[in-house]
Protein chains: 2
Amino acid sequence: MVIEEKLIKRFHKWRCPLASGIRGPDGGGAKLIDVARLANCSPATASRVLNGNPRVGQDERERVMRAAAELGYVPNGSARALRSTRSRLVGAIIPTLDHAIYATMVDGLQAKLAEKGVSVIISTSHYDLDLELEQTRLLVERGAESIVLVGSTHSAQTMSLLDQKQVDYVFTYTSSVAEAGAAIGFDNEKAGAAAARFLLDLGHKRLGMIAGITTNNDRAKGRLDGFLSELAARGLDPAAVPVVEGAYKVESGRQAMRSLMDVPQPPTAVFCGSDILATGAIKYCHEQGIAVPGEVSVVGFDNLEIAELTSPELTTLEVPAREMGNLAADYILAPAAQKRYLRQTELPIRIIVRDSTGAAPSQAH
Amino acid sequence: MVIEEKLIKRFHKWRCPLASGIRGPDGGGAKLIDVARLANCSPATASRVLNGNPRVGQDERERVMRAAAELGYVPNGSARALRSTRSRLVGAIIPTLDHAIYATMVDGLQAKLAEKGVSVIISTSHYDLDLELEQTRLLVERGAESIVLVGSTHSAQTMSLLDQKQVDYVFTYTSSVAEAGAAIGFDNEKAGAAAARFLLDLGHKRLGMIAGITTNNDRAKGRLDGFLSELAARGLDPAAVPVVEGAYKVESGRQAMRSLMDVPQPPTAVFCGSDILATGAIKYCHEQGIAVPGEVSVVGFDNLEIAELTSPELTTLEVPAREMGNLAADYILAPAAQKRYLRQTELPIRIIVRDSTGAAPSQAH
DNA sequence: CTGTTAGCGCGTTCAT
DNA sequence: ATGAACGCGCTAACAG
């Protein structure tokens, strides 16, 4: 009776293996038990061998390895994850892959994790916190052991979900940690302040800024705040500093620069929240015959490859995108004992001085 | 006895939930059975509701939904995948995320798949076919239902693994399919030929090419072959056409251009296998005071955002990166019956004429 | 060092 | 329309 039932089940399995290929039981579906049988041992031993458990004899080990190779055995990750509660999966939620600054971070993250056999599930939120929550839910569902997020501003539900499901997380592009989790990044306010200082030291008195959209974007907001604070600290009135926000597109930068420059007393120096915006700004200056840096200095942010393609080449602040990805991976892979010490890693921001900045014009007319 | 044993198990579970939070059984680990209990029904019914099975009463359905929400229930993807053999996971193996052309494709892929609750695992091969094989194995292990690859050149082992494990796959950036799977892309040879035709029609007689590294890269090779074939078809000697290969870096393009131009009779038109290379080429011309397009025309490939940032702006061939990602997603999500018709999708390649190309100099000295 | 046993959480039969 | 039982493939616990 019992045997009969099993046979029926098997029959069902043969008939509809989902795809149309009529595959014998040996073809694609070698399981651990098949390996064990071929190696003349129990599935437990086979499992131990394949997981590098050292407490296995030399001959057993070799027989299992050979059997696995011969059968082309590929373990079933779902079963493994279910049983061991370790998925070896990490999630990353970034605004978009269309911006090199994020793509490069993910590249660095993935490269380091892949070395240890950990895979990265990627998803994009388009700067939308509700979407981010949904993506988070999906990643938790998939069993992600850690989730990499951008910035430190996230919906309360996202954070409590992570907290409740005990999923480790790491913020990037920021240095402010939450109660749990880690932050691998830099201080956007300090960076903004550094840009201000640099321009002030060149003698500029009329400054402006083209910022990224600051809504739901603590990085863009931080750069802006830091920039204005430093100006205030040096005796300028922040309220008198023209600020335009724009999406991270060349065209936005171009239009923003027009609205900044097309006034009676335009700024002599403009800080841009991204190289993309800065590039657009310089493009506008070209079109209008405005000399850079003769009439106006331009500072970017990110140090993308394009910063060396503009003429003049762009002075900018370097964002260590790849390094953040690498370090986030290090944190994720670190043993729990070490995580304490890695969880708040602030990277320095260097200013890369090129040719788009110069001394303030001697007399501002 | 039996009951006692169960209690012991539970005790173990409480004590070491892997992380340090001492969490009651209600806190983070609501399972389907908890939802069922709270909703006063069997786990089977709860499962049906959560999977949208219509054969459930209205009241039951609502009770289950409410219970799930109240408990913050998140299904366990591994268990689900194990039981249903559907992981809702797709893998993508690309050379690198550091090149916008691939990052954008993945962005398009991910966006479309996410709409249907399918997640993307990403991994990078760095143009290394052995690494690609390893990544493939890992993705198969993770249960990827489909795998997106770049180009049509892959190791035999990779292909046989996919074949044996019945994993669907789709090539991108190419129009040549394998026996199984799909190809969503364009014909690189046709594209190379189109570039040649365009330059020939402008009257150029001395042409050159800066190609990407063609080793293991059928796309780079295809563009080169197509370019040379078309020249041959128009009566030029392909052997006399100078070709330099370079990695996709601005600096490579710059150096390649130097070796092309620093000869007695330099070409009057150069086709570059990528906008990155073309940008470097133009940079070299600036440095040397070579007029573009006055003395030499330059054509790029990809139509990246940087193509509009060079001066002169770059004439280039548009690669539909995002669209390929979208269409790959469509193919993957399509019902088996439709896949036949989608599996070979060749996208047209447009030439975007900007200012880096012009008529051949009237007398080539 | 090895085998035996049990069950991770869920979806899916088969009954009713 | 609902519930009971079973097992997906694997590894953790225990016994020897």
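Within every chain, numbering begins at 1; the chains are lettered A, B, ... in the order of the sequence lines, protein sequences first and strands thereafter. From a predicted model like this one, the values you see are computed outputs, not experimental measurements.
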Task: Length of the line joining A:Asp34:CG and D:dC10:C1', which is rounded to integer Å - done: 13 Å

Open item on the list: Using a heavy-atom cut-off of 4.0 Å across all strands, would you classify A:Arg80 as base, sugar-phosphate, or nothing?
Closed with: sugar-phosphate

Open item on the list: Testing B:Tyr169, B:Phe171, B:Tyr127 one by one against B:His154 for a ring pair (Phe, Tyr, Trp, His ring centres under 6.0 Å), which residue passes?
Closed with: B:Phe171

Task: side chain to side chain donor-acceptor pair (under 3.5 Å) between A:Gln110 and B:Thr124, intermediate numbers included - done: CA-CA 8 Å; A:Gln110 190 273 329; B:Thr124 54; 2.7 Å; yes

Open item on the list: Rounded to whole Å, how long is the line connecting atom CZ of A:Arg48 with atom P of C:dC1?
Closed with: 11 Å

Open item on the list: Less than 4.0 angstrom between a side-chain N/O of B:Tyr73 and OP1 or OP2 of C:dG9, yes or no?
Closed with: no

TODO: Looking at every strand, decide which applies to B:Leu32 at a 4.0 Å heavy-atom threshold: base, sugar-phosphate, or nothing.
DONE: sugar-phosphate

Task: Closest listed nucleotide, where the reference is the side chain of B:Thr45 and the choices are D:dG9, D:dG3, D:dT11 - done: D:dG3

- [ ] From the options D:dG3, C:dG3, D:dC10, select the nucleotide whose nearest atom is closest to the side chain of B:Glu60.
- [x] D:dG3

Task: Out of D:dT2, D:dC10, C:dT4, whichever nucleotide has its closest atom nearest the side chain of A:Ser42 - done: C:dT4

- [ ] Answer with base, sugar-phosphate or nothing: what part of the nucleic acid does A:Pro75 contact at a heavy-atom distance below 4.0 Å?
- [x] sugar-phosphate

Task: Contact nearer the 5' end of DNA chain D, comparing A:Ser78 with B:Val56 - done: B:Val56

- [ ] Looking only at side-chain atoms of A:Cys41, point me to the closest of C:dG3, C:dC10, D:dA12.
- [x] C:dG3

Open item on the list: Applying the side-chain contact (heavy atoms from CB on, under 4.5 Å) criterion to A:Val148, which one of A:Ile94, A:Leu139, A:Val106, A:Leu109 satisfies it?
Closed with: A:Leu109

Task: A:Asn51 side-chain N/O to D:dT11 phosphate OP1/OP2 under 4.0 Å - done: yes

TODO: Return the value, rounded to whole Å, for the distance between atom CZ of B:Arg37 and atom C1' of C:dG9.
DONE: 13 Å

Task: Length of the line joining B:Arg88:CZ and C:dC10:P, which is rounded to integer Å - done: 16 Å

Open item on the list: Rounded to whole Å, please give me the gap between CG in A:Asn53 and P in D:dA13.
Closed with: 12 Å

Task: Between P of C:dT12 and CZ of B:Arg55, the distance in whole Å - done: 11 Å

Open item on the list: With a 4.0 Å cut-off on N to O distance, would you call B:Glu60 and B:Arg63 a salt bridge?
Closed with: yes

TODO: From the options C:dC10, D:dT11, D:dC10, select the nucleotide whose nearest atom is closest to the side chain of B:Ala79.
DONE: C:dC10

Task: Length of the line joining B:Leu50:CG and C:dC10:P, which is rounded to integer Å - done: 9 Å

Open item on the list: In whole Å, I'd like the distance from the CG atom of A:Asn76 to the P atom of C:dG9.
Closed with: 17 Å

Open item on the list: Nearest to the B:Lys31 side chain among D:dA13, C:dG9, D:dC10, which nucleotide is it?
Closed with: C:dG9

TODO: Could you check A:Ala44 against B:Leu82 and say which one's nearest nucleotide on DNA chain C is further toward the 5' end?
DONE: A:Ala44

TODO: Side-chain contact test, heavy atoms from C-beta onward, threshold under 4.5 Å: evaluate it for B:Thr45 versus B:Arg48 and give yes or no.
DONE: yes

Open item on the list: Using only modelled atom types and a 3.5 angstrom limit, is any donor from either the side chain of A:Arg83 or the base of C:dG9 paired with an acceptor on the other?
Closed with: no

Task: Cationic N near anionic O, under 4.0 Å, A:Lys31 to A:Asp34 - done: no

